[in-house]
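Below: the structure, in structure tokens.
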Amino acid sequence: MPTPVPDQIPIIDGHNDTLTKLRHMPADARRSFLERSEEGHIDLPRAREGGLAGGFFAIFTSSPSWAWVEKPLLDDNGAAVPSGWSVDLPPKLPRRSAQGFTLSVISDLMRLLEAARGEMAVVRTAAELQRCVEDGTFAVILHIEGAEAIDTRLETLDVLHAAGLRSIGPVWSRPNAFGHGVPFAFPHDPDTGPGLTAAGRRLVRRCNELGIMVDLSHLNAQGFWDVARISKAPLVATHSNAHALCPSPRNLTDAQLDVVALSGGVVGLNFAVAFLREDGAHDPETPLSAIARHARYIADHIGVRHLAFGSDFDGTMVPAELRDAAGLPKLLDALRAVGFSEEELHLIAYRNWIRVLRATWGA
Ligand SMILES: [Zn+2]
């Protein structure tokens, strides 16, 4: 049986791209999740070192031949916004390719669990998650970022739910059959276009029935408010920060933060430097105090019960000071430095997630 490291606060994390990232590595050069590596952000040994007890593992199907190319951001008059940038989004992705990729990653996960011999488990209930936190089994929550793999009759959703899926972001940033994501642009407002489609509204209702969490990160403002109107579950943005401190469209406005709190939901702090910094720059020399600043802002505005972690590990550039999952104790210290108590750190680290997932999934 795995032994929890004593005196460490266990951390449940709202978002990583580790499985997706590993799948994209050539099979003969792929690092093993079970062995310590210096590459990327999460593997089991580094998770154990940093107190990472588990988290949401995202499956994200990328668009073929799309590349991140920044161009100047133009205002309504066609003038360049000082230090602004934007990236063109790829077009809609065919369902077949998303379905194929999604099943491949789930298969990778099943084989990983087999090789992990009880050190890891896919959790389907809040009770299972709680048990993992207590006994040190590393907890995997299966998440899809962008629902392209799911047909609009939602038949695939039943199958994926049976396979363990417990969380869906209806959209990544490109548009799909369910809704529209925010653009990659800075600075920018999240109010960028139409909300959920009819299929998107059906998806939210069906997720409520099945006990699948709906993730608001990446949705544009109209889509966000549609989910807020429709969903009976607490509202959750798994990996987003405060728009007031960093005006990225991926971050939440004060009005959005307010409604997350009203619903009893939670915001997972994103460690991406571009979603932390006032200037939106991709600068690895961003201090951990930048994460603490967003934590303080969100806790002061809506309460510490609505704050959690959503690292974006293995999907983004995080502060060099943090480096990877093994650095999480340094982040807890940065939160202590801005006045969070030990009891509050336990809420942020895992208790808030467990509360919200219990309300969303059922026991
Ligand atoms: Zn994301």
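First listed ligand is number 1; within each ligand, the first listed atom is number 1.
Between Thr238 and Asp215, the side chains place a donor N or O and an acceptor N or O closer than 3.5 Å (distance only, hydrogens not considered). For the residue pair Asn16 and Ser311, no side-chain donor N or O sits within less than 3.5 Å of a side-chain acceptor on the partner.
Scored by the ring-ring contact (aromatic ring centres under 6.0 Å, His included) test, His294 finds no partners at all (sequence neighbours excluded).
Taking a cutoff of 4.0 Å between a charged side-chain nitrogen and a carboxylate oxygen, Arg277 and Asp283 qualify as a salt bridge.
Considering every non-hydrogen atom in both Val182 and Leu219, the closest pair reads CG1-O, 3.6 Å.
You'll find the ring centres of Trp361 and Trp353 outside the 6.0 Å limit.
Listed by chain and residue number, the protein N/O/S atoms under 2.8 Å of the Zn ion (ligand 1) are Glu145 OE2, His218 NE2, His239 NE2, with waters left out.
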